Amino acid sequence: MQDERKESLNFIEQIIETDLANGKHSGRILTRFPPEPNGYLHIGHAKAIWINFELAKKYGGKTNLRFDDTNPTTEETEYVESIQKDIQWLGYQWQNEPLYASDYFGQLYEYAKKLISKGLAYVDDSTPEEIASMKGTPTEPGVDSPYKSRSVEENLTLFEGMKNGEFPDGSRVLRANIDMAAPNMLMRDPILYRIKKENHHRTGDDWCIYPMYDFAHGQSDSIEGITHSLCSLEFIHHRPVYDWFIEKLEIFPSRQIEFARMNVEYMITSKRRLLKLVNEKYVTGWDDPRMPTLSGMRRKGYPAAALRTFCEKTGVAKRDNTIEINLLESCVRDELNKTALRAMVVLDPIKVVITNYPEGTSEILMAENNPEDVSAGERQMPFSREIYIEREDFMEDAPPKYFRMTPGKDVRLKHAYILHCEGCEKDEFGLVTTIYATYYPNSKSGSDVSGIKPKGTLHWVDAHASRTCEVRLYDRLFTVSDPLADENTDFINFYNKDSLQTVHNAKIEPGIVFTDPLTHYQFFRLGYFCIDQDSSSEALVFNKTVGLKDTFAKEVKPTP
RNA sequence: UGACCCAUGGUGUAAUUGGCAACACAGCAGAUUUUGGUUCUGUUAUUCUAGGUUCGAGUCCUAGUGGGUCAACCA
């Protein structure tokens, strides 16, 4: 069978296929993912990772992991570890060992001297303030630095002095000699090197001058032979700088291509703001399940496959976008529906006494683990005279379309019997304490000859055999889809105080025992959950990943 | 008083590169259902504006409008 529709290509794929057709780089494709090791990876990085790795894979190429570690003041080894873990968890493996921009410090230094020798770079003694003021504005050209006209020899000597630690931090910089009147401000003699007498996480005290992004990134691409250097739109103004160095240095011509970063409703990715959430304890850490970090989403129970599907479905283009959280959750549900084992958990238990079930006896019922996957097998569920059901699954005075337990009506217990509700007992405040029902002995699941067809089916657990567990219910971190929309209101004002609700007294069927954290379950009729790392064999803790689609809730209580 | 990027249903992305505007998610309606889940069927809704080129424009040209980005010794 052949696809009738021609596969549509995104704009980067079109560029690559054109390059391939022209025999560029002999058909070799090499991309790279270049994180700065100064923070945790988030949903936006996931998209960048997906694009770089999937594109290379599609065209028979490879992808490098390169840490852009040119700023010793902010970068730490801790992040190097977490970033690698996150990428691998997402399902990708880079070519060979991880690479570092710092591996190229020696080569970069030589490049700088070459530029100086060609009269294309100079040492500037101006203060940061002076450099800023001479830079001009977007609408006014800058003015030349008084040091711009230094001789090649003097520049070489001074630059070597910078490298040898002869000058204090911030006293001098090396700048490219381009054009202070360029309409693109990045072309107004960008700074190449600054003096920082700081310990670097990999090169230690070998260097006291460190290259800036513009003099490290493109050159690193070139050194590695990256064919397609894919980055987000905000780097578009850097492309002329990127190309200028390649041309003047006469090095391998990597090509920078910019795509629009992915934004998602209710998520923020600003490092500063995420840090605030962590530091000021709005969340429990970088891996709090409410965080948009990969570690947070992983702990929340989002499968890597769902994230990959999400990246694929959101596409690659150049216009600003905000993806509905809907789509993400749809991808997560779709994946988990196929893979998650079903389990019965009652979050807000209320006891049901089945009055015609013989006292002191019990039986074992069989329950399929996943109706979407018979190979997942079956498990045993004990059943007896007393069970728990969800408090909200009982109403004394129910509207006509209420298909759950209500006096005088029948309801099915999943994998068990049909119950006829007789009534309930209440305490002095009118709170229902116990529900009474009778069961139809001939209505057992799988061998039901009762002929009764109740509208509703409930989840339940045996009152005596079930165990108590903790369930953490997560909701969106913010009360509005775009907490940054109003520049006059700090995003923290939109923090959702109800984003975490902890249930301490949930009842879980005895067959579900402590296994690896991240094991996924679908709690019947409630949603998808996974075992949290805080669990032990004595105390199970679950995180809510995402709820089931709930068309009933929408019908009875339409929320704005 | 600048440069650059972008503009297609509610959201996102397509349109064989100038030839019937479609796919997914969301919405709505229905069928099925021992999960008010899943699945299935149907359905609502789209080319920023004004000119121009053309037999024909979402696509090309011009102007405008709207949105975004750029002035760290950050990346």
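Hydrogens, waters and symmetry mates are skipped; everything else that's a heavy atom, side chains included, is used. None of the values given here were measured: they were computed from a predicted structure.
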Can you check the distance between [N] and [M], where both ends of the measurement are the [atom1] atom (answer in whole Å)?
| N | M | atom1 | value |
| --- | --- | --- | --- |
| C48(B) | G68(B) | C1' | 16 Å |
| G56(B) | A24(B) | P | 34 Å |
| U59(B) | C20(B) | C1' | 16 Å |
| G58(B) | A26(B) | C1' | 24 Å |
| U44(B) | A22(B) | C1' | 16 Å |
| C25(B) | U65(B) | C1' | 30 Å |
| A57(B) | U53(B) | C1' | 10 Å |
| C28(B) | U38(B) | P | 13 Å |

Tell me yes or no: between the side chains of [X] and [Y], is some donor less than 3.5 Å from an acceptor?
| X | Y | result |
| --- | --- | --- |
| Tyr122(A) | Asp189(A) | yes |
| Tyr79(A) | Gln84(A) | no |
| His201(A) | Glu76(A) | no |
| Asp410(A) | His420(A) | yes |
| Lys338(A) | Asn370(A) | no |

Figure out the [atom1]/[atom2] separation between [X] and [N], and round it to whole Å.
| X | N | atom1 | atom2 | result |
| --- | --- | --- | --- | --- |
| Leu9(A) | A14(B) | CG | P | 10 Å |
| Lys549(A) | U38(B) | NZ | C1' | 9 Å |
| Tyr147(A) | C73(B) | OH | C1' | 15 Å |
| Ile191(A) | A75(B) | CD1 | P | 11 Å |
| Glu17(A) | U17(B) | CD | P | 14 Å |
| Ile236(A) | C70(B) | CD1 | P | 12 Å |
| Lys135(A) | A3(B) | NZ | P | 19 Å |
| Met187(A) | U69(B) | CE | P | 22 Å |

May I ask you to verify if any side-chain N or O of [X] is less than 4.0 angstrom from the OP1 or OP2 atom of [N]?
| X | N | result |
| --- | --- | --- |
| Lys196(A) | C74(B) | yes |
| Ser330(A) | A24(B) | no |
| Arg188(A) | A71(B) | no |
| Arg194(A) | C74(B) | yes |
| Thr74(A) | A75(B) | no |

Once hydrogens and angles are ignored, does a donor-acceptor distance under 3.5 Å link the base of [N] to the side chain of [X]?
| X | N | answer |
| --- | --- | --- |
| Gln522(A) | U35(B) | yes |
| His459(A) | U35(B) | no |
| His238(A) | A75(B) | yes |
| Arg412(A) | U34(B) | yes |
| Arg333(A) | G37(B) | no |
| Glu372(A) | G37(B) | yes |
| Glu140(A) | G2(B) | no |
| Gln14(A) | U17(B) | yes |

At 4.0 Å (heavy atoms only), tell me whether [X] reaches a base, stays on the sugar-phosphate, or touches nothing.
| X | result |
| --- | --- |
| Thr73(A) | nothing |
| Asn184(A) | nothing |
| Arg239(A) | nothing |
| Gly446(A) | base |
| Phe310(A) | nothing |
| Ser126(A) | base |
| Pro371(A) | base |
| Lys414(A) | base |

For RNA chain B, what is the dot-bracket line, given that a base pair needs Watson-Crick (N1 to N3, plus N6-O4 or O6-N4) or G-U wobble (N1-O2 and O6-N3) geometry with both distances under 3.5 Å, and | means paired with another strand?
.((((((..((((.....[..)))).(((((.......)))))....(((((..]....))))))))))).....

Can you label the angle between the Phe383(A) ring and the Tyr417(A) ring as parallel, tilted or perpendicular, going by 30° and 60°?
tilted

Centroid-to-centroid, Phe259(A) to Phe11(A), below 6.0 Å?
no

Determine, step by step, whether Arg261(A) and His45(A) satisfy the side-chain hydrogen bond (donor to acceptor under 3.5 Å, both in side chains) criterion, reporting the C-alpha distance in whole Å, the side-chain angles of both residues, the deciding distance to 0.1 Å, and the verdict.
CA-CA 9 Å; Arg261(A) 58 184 296 170; His45(A) 293 114; over 6 Å; no

Result block: side-chain N/O donor-acceptor pairs under 3.5 angstrom for residues 138-147 of chain A, not counting sequence neighbours:
| from | atom 1 | to | atom 2 | distance (Å) |
| --- | --- | --- | --- | --- |
| Thr139(A) | OG1 | Thr137(A) | OG1 | 3.3 |
| Ser145(A) | OG | Asp124(A) | OD1 | 3.3 |
| Ser145(A) | OG | Asp124(A) | OD2 | 2.9 |
| Ser145(A) | OG | Tyr147(A) | N | 3.1 |

So is the aromatic ring of Phe552(A) stacked onto the base of G36(B), judging by whether the centres are under 5.5 Å apart and the planes are under 30° apart?
yes

Does atom NZ (Lys271(A)) have a neighbourhood of more than 12 heavy atoms from anything else shown, all under 6.0 Å?
yes

Run the numbers on Phe159(A) and Phe167(A) for ring pair (Phe, Tyr, Trp, His ring centres under 6.0 Å), then give the verdict.
CA-CA 10 Å; Phe159(A) 185 51; Phe167(A) 312 118; over 10 Å; no

Any idea if U34(B) is syn or anti, going by the 90°-from-0 cut?
anti

Nearest to the side chain of [X] - [options]?
| X | options | result |
| --- | --- | --- |
| Glu324(A) | U39(B), U69(B), A26(B) | A26(B) |
| Asn71(A) | C74(B), C25(B), C73(B) | C74(B) |
| Pro183(A) | G2(B), G36(B), A75(B) | G2(B) |

Please compare Phe235(A) and Met185(A) by the position of their nearest nucleotide in RNA chain B and report the one closer to 5'.
Met185(A)

By nearest nucleotide on RNA chain B, pick out whichever of Thr139(A) and Asp169(A) is the more 5' one.
Thr139(A)

Using 0.5 Å steps for rounding, measure from the CG atom of Leu327(A) to the NZ atom of Lys313(A).
6.5 Å

